[in-house]
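Only one structure is covered here, and it is reproduced in the block below.
Residue numbers run from 1 in the order of the sequence given. Predicted model, so just to flag it, every value in this text is computed and none were measured. Every number for a ligand or one of its atoms is a count from 1 in the order of the listing.
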Amino acid sequence: MQQVVIIGASHGGAEAAIALRTQGWEGKILLVGDEPTLPYQRPPLSKGYFHQAVSDQQLLIKKPTLYEKAKVEVMLGESVTAIDKANKSISLASGASISFDYLIIATGARARKLSIPGSDLSCINYLRTLADADKIISQVNAQSHLLVVGAGYIGLEIAASASKLGAKVTVLESFPRVLSRVTNEQMSEFYQNLHAQHGVDIKLNSGVTEFRRSGERYVAVLPDGEELTFDSAVIGIGVIPNVELAELAGLECENGIVVDNKTITSEPGIFAIGDVSNHPNPFYQRQIRLESVPNAMEQAKVAAATICGKEKTHDAFPWFWSDQFDVKLQTAGLSQGYDSTVIRGDIAAKKFALFYLKEGKVIAVDAINSPKDFMKAKMLIPTGISIPESKLADTSSDWFE
Ligand code: FAD
């Protein structure tokens, strides 16, 4: 019987395993993951799970019985150490070798590490896995001071969640504004104000040069020499795609594993999906690597359909969300390369949409507590709509009529 092997049991891997069965794959399906738990959702780790609004059972991506029903063999706590593309087999850390007819690589990404004196102290954390989250949460309480290094989405979400738990929070960011890679100045200012309103201290143009122990607590030395005492820290300075297996196997890699619009790698029969894949985007007409759940799930469905002999291409429009305090951000599209922006709504009321335009066309939107604008933008931007800026800004009528 033919077998599909999937490496990585998370958003992409779990979705691919079930989608294979629902799309009609009759052979064997093996899902191998190096974490000890069934696939779980990562986004709540910095949000609801962190501030205890979501339980570990609610984190599961699929009900445990679904894998049995779909006859998916799940191998947990097992690391794949090599891919032999000529012999169509993988090697496991435990020594076994398993053959495949099709292989899906869904190895995701890992946290980028900080390498400075003291960065190996036990109070220095990274948030990627459930185990990471449990360790961080155990170090945060209403009496503790959490230091967050990096003001990207994950760093700011952690800051908001820790603050909800009553902890004192300081965020260090090397750029002059938060979220500088992904939003414009107005949106950065909005988030800086939001955190300031909740007592989070954000230090911009800052960073850390050294950590050291100080009795029961720890000290971070900032670039200007200031010393900051804290109890635990989380470093949120981005991720690195887990491409090593693919690279060793000789698959084409560049900022991820390079795939086509069917998620096929440079080797026919081997697919790559999710955070680890660098794929073509028809709207932006370039290769991109996304770190988002919707992308991992969509690519999983495309890989499964292709393996089942169906015609399906990956042309989904990128979208993402972030929850901080009482603010839900939903973004559609990528704003890089914009030449103008329009605000629709009321920033002070925390309900508005920021449209990014390039040569008169809307290319992305950041919607704050504005799900309707987000939904419409997600549908309409991929069609290449041009809407006058005055219409986008005018809240007395819909912009999308
Ligand atoms: P991953 O989830 O990274 O899973 C890859 C799996 O493969 C891991 O379990 C890994 O251990 C395993 N693996 C790697 N190598 C091997 C090997 N050799 N052998 C066996 N197993 C291996 N996205 C959003 O869209 N919205 C959000 O709000 C959001 N918030 C987030 C908050 C946090 C704290 C984090 C960490 C991420 C967040 N993301 C969010 C990103 C989202 O979680 C990722 O885009 C998504 O998890 C990608 O899924 P994936 O299956 O591609 O990879």
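- Any N or O atom pair closer than 3.5 Å counts here, and Val276 shares no such pair with ligand 1.
- In terms of protein heavy atoms, atom 4 (O) of ligand 1 is closest to Ser10 CB, 3.0 Å.
- Of the heavy atoms in Tyr153, none comes closer than 4.0 Å to ligand 1.
- Only the side chain of Ile7 comes within contact range of ligand 1, with a heavy atom under 4.0 Å; no backbone atom does.
- Heavy atoms from both the backbone and the side chain of Pro43 come within less than 4.0 Å of ligand 1.
- Heavy atoms of Glu78 approach ligand 1 to within less than 4.0 angstrom.
- Atom numbering of ligand 1 starts at 1 in the shown order; those under 4.0 Å from a heavy atom of Pro294 are 25 (O).
- When non-hydrogen atoms are compared, ligand 1 lies under 4.0 Å from the side chain of Ile154 (C-beta onward) but not from its backbone.
- Between Trp25 and Tyr102, the two ring planes are perpendicular [angle over 60°; tilted spans 30° to 60°].
- Ser322 does not count as a contact of ligand 1, since none of its heavy atoms falls under 4.0 Å from the ligand.
- Considering both main-chain and side-chain atoms, Ser46 never comes within under 3.5 Å of ligand 1 through any nitrogen or oxygen pair.
- Remark: ligand 1 atoms within the under-4.0 Å shell around heavy atoms of Leu127 are 34 (C), 36 (C).
- Counting atoms of ligand 1 from 1 in the listed order, those under 4.0 Å from a heavy atom of Ala109 are 3 (O).
- Contact annotation: for Ala133 versus ligand 1, there are no heavy atoms closer than 4.0 Å.
- Stacking of Lys62 on the aromatic ring of Tyr67 is not recorded, the 6.0 Å distance cut-off and the 45° axial limit not both being met.
- With a heavy-atom cut-off of 4.0 Å, Glu35 touches ligand 1 through its side chain alone.
- Residue contacts with ligand 1, taken as heavy atom pairs separated by less than 4.0 Å, do not involve Asn295 at all.
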